[in-house]
Trainee: 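Starting off with a structure, shown below.
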Amino acid sequence: MKVIVSGCGKIGAAIVESLLKEKHDITVIDVDKEVVERVTNRYDVLGYLGNGASYDVLLGAGADKCDLFISVTASDEFNMLSCFVAKKAGAKNTVARIRNSEYNNDSLEFIKNELGLNVIINPELLTAQTIFNVLELPSATSIEVFSSSETEMIELSLKEGSKALGIPLYELRKKHDFNFLVCLVSRDGEVYIPNGHFTLQAGDRIGVFVSKSNTRKLLKAFGLEHKPIKSVMIIGASKTAYYLSKLLTDAKTSVKLIEIDKDKCEEFSSVNDKISVINGDGMSQDLLLEEGILEVDAFVTLTGKDEQNVLMSVYSQGKNVQKTLTKINREEILDISKSIGLETVINPKNLVADVLVRYARALENSKESKIETLYSLLSGNAEAGEFKVLSDFKHTNIPLKNLKINENILIAGIIRNREIIIPCGEDVILEGDKVIVITAGLSLMDLGDIIK
Amino acid sequence: MNYKLILSTILKVVKVEAVLMILPLIASAIYRETTVFYTFLITMVSAYLLSFILERLVKPSSQGFYSKDGFITVAFSWIAVSIIGSLPFYISGEIPSFIDALFETVSGFTTTGASILKDVESLSHGLLLWRSFTHFIGGMGVLVFIMAITSKTTDRPIHILRAEMPGPIVSKLVPRSKDTAKILYLIYISLTIICIIFLLFGGMDLFEAILHALGTAGTGGFGMKNNSIAGYSPYIQWVLAIFMLLFGVNFNLYYLLLIKKVGAVLKSTELKTYFIIVLVSIITITINVYSLYGNFMGALTASVFQTSSIITTTGYSTADFNSWPTLSKTILFALMFIGGCSGSTAGGIKVSRVVILFKKIRLTLKKLIHPNAVSVVKFEGEKIEDGTSLEIGNYVSLYFICFAIITLLLSFNNFDFETTVSSVAACFNNVGPAFGLAGPISSYADFNGFSKLVLSFAMLMGRLEIYPLLLALSPSTWIKK
């Protein structure tokens, strides 16, 4: 697919990297010569220097023939104009980053329709929603809900003392009266798809496939049950904090926000009077103690400085706050944060890149409609895809144990008549089913590819 | 540096070279040249097997690949390709000295066309074809070819494209390097086929036509006659002259023509300058050599052919320009250095660099008169950053420093001054025939072994635009500090 990415900052580069892995032909546009040079040196893409909203530049970069035009410059208005011109020039699909809260309200739908935008991405809103989802189920590091079924893929970090440790998976499953499937294990930086004889250890990050109604049971069984989050402390009055506090207060959770800039504090308290806004430095431990870090259920760092976020989160984890979430933008810090053991790290640019990869795959597969949804798991090391079984799949009605399935592939679920089957060796795939396939280290484009 | 990845890429190159030897193998089978046939067979099989086995042993652990790795890969791939490529000449015994065989092969791959053979006509058909085929492979670049046919060489192929493609600014045609390489090769092959067809109409047999088309496409200059093209009809001479000029044009422009952006092609400053230089040279030389030929057509044909042959650094000849008046010789000498357009198969400094350099010099003069004047150098409608023009200035300075050093090394051979200077110019710029003892009707056979190695090195340096070999030689590349 021909893709044009206009604006190549942090988010733009993350999008380029992810889409390049999907084998798309990418052209990048930016006004900054250095940015274009850096991106073309780093990635196998065509660089185009110029104003991404100018008709001439867009034509020069081939927007008239592109399948997907993505504008992610820092300016919302520029992105809107850029996408509008690109669409009029002939771009098939357009994606704009619009993040200003003044646009992100009921009028957004109007803008979207009138400008012919296909997707609007708001990294801050996306980040806020992701954080909100994690806070809903605090013992999971992340949750993906499969849309067509009542099932979830939850990621958990196993700590010392969990009831799931030390026994093989098949015995673990026998011990409980409900169905679940441990699909992925990330240990020492390697991702495994475990078989029944696999034994979990403390420190493993695992992906478990379970039906939504059994999620709480599962957490209890794994000894990971937590009380629900009722109070949250947020550091940094960023746009993400704005969206997050709105989501939280709507869900009747109490929010305390600490921000160093007085003007921002005032602005914040004027838009949302349900939260208590504190003017002060979140790096000051005295202030955190005074404002009750020991009593809150969750601590979320959302300042613009990655280093500060990491330090504050380390402090919070040291104080045994039930849940600590850290927002990190830069790749370098992301690696460091894992090695010092931050439990839940949110990386906005990867969230955006995931959304776009999913969208691009959906576009590409729209004719065959093979992949319904796709999720990236365990920091992008594995994927879960939901496939529709069409008549071209030749291995229907064969028990799974007789199928020669490729390595690093697992059939996690079969959805038949809206019922989820977490399969065992005797189950079969039928035409019309939806199959949820987990893969580690490779991308699956067609269900037929799972068979050797 | 990622040594394993570099080595495995070089092995891949050798493997592909072995496969490409099928062409001369077939030729020697058709002409029933048993010795040459077995020579190619042995070389092919052993080179392929060896690189195949070594490739299994060297598994690159990471895909990390940077600008430096690109330069080193290119430098050593070319050296490897030259050594393997010289084996058939040496093993078959048709060129008994290994240094001579190496010189001939380097000259082939770098599209120089300088030969140590006193009697080309005695060479077998298989080896003749291989000699010209090396021009074709080397013209567009060995690694670019690998890139076009294999699924993936490295994570960042742009570094290889930059290191192997001539010219100051290497730009891709389409987002993927692989597709860019494919398009370039398709244009290259199509133009070559058209050239073959035109030559067939001129009465050449198929072998002759293919051979000369390959030599023209790579702007190399290996032929099969001792007097190069002089014995062929004026039609053939004109066809070759025109095709040489076409292969000296930036291939990106052909792509623009294909996607119907004629306007952009006509606006190209480099193209215009290239043709103006050609035209002025032709007119001057025609007037200058008129008295030698006595008729206008004869003088014009010779002048057109020689001008296009030298500016595109091909090196075919229809006349012994060694005996031409000094003015014509000096013009040809200057053309050797200017060379073709960037992104073509020609050698030399490249027209684009010359244009930018002159514009920069004019700006400097202007600044001397109006110290506060603000103006920028523009090329192809775009502003040339100070960094780029400085780079070009440095490159040209380096070019002449290298030229001086190589000339110094060659003077140990104690030939006359004209021969020494012009043969370095001819090799460094990948032209081929020079003046004096290395003129178009003589050969490089009389140089000693050391000089031949120096000239081989000069040819590689000229083809790869200095930096890859300089980096490969510089200690700081290898010593970890």
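So you know, we letter chains A, B, ... as the sequences are listed, proteins then strands, and number each from 1.
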Trainee: If you count heavy atoms of other groups shown closer than 6.0 angstrom to NZ of A/Lys2, is the number above 12?
Mentor: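 Not more than 12 within 6.0 Å, no.
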Trainee: Does A/Asp25 form a side chain to side chain contact (heavy atoms under 4.5 Å, CB included) with B/Asp179? I'd like the steps, not just the answer.
Mentor: CA-CA 10 Å; A/Asp25 289 344; B/Asp179 297 336; 4.1 Å; yes
Trainee: Check residues 5-16 of chain A and write down every donor-acceptor pair under 3.5 Å in which the side-chain atom is one partner and the other belongs to a residue at least two apart or another chain.
Mentor:
none

Trainee: Using a 3.5 Å distance criterion without hydrogens, assess whether the side chain of B/Arg176 forms a donor-acceptor pair with backbone atoms of A/Leu46.
Mentor: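 Side chain of B/Arg176 to backbone of A/Leu46, a donor-acceptor pair under 3.5 Å: no, none is there.
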Trainee: With a 4.5 angstrom heavy-atom cut-off, could you sort out which part of A/Lys33 is near chain B: side chain, backbone, both or neither?
Mentor: side chain
Trainee: With a 4.5 angstrom heavy-atom cut-off, which part of A/Leu20 approaches chain B: side chain, backbone, both or neither?
Mentor: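 For A/Leu20, heavy atoms of backbone and side chain both lie under 4.5 Å from chain B.
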Trainee: For B/Leu253, which residues count as a side-chain contact (heavy atoms from CB on, under 4.5 Å) partner, sequence neighbours excluded?
Mentor: B/Val249, B/Asn250, B/Leu256, B/Val265, B/Ser268, B/Leu271
Trainee: Counting only heavy atoms not in B/Phe275, do more than 12 sit closer than 6.0 Å to its CZ atom?
Mentor: yes
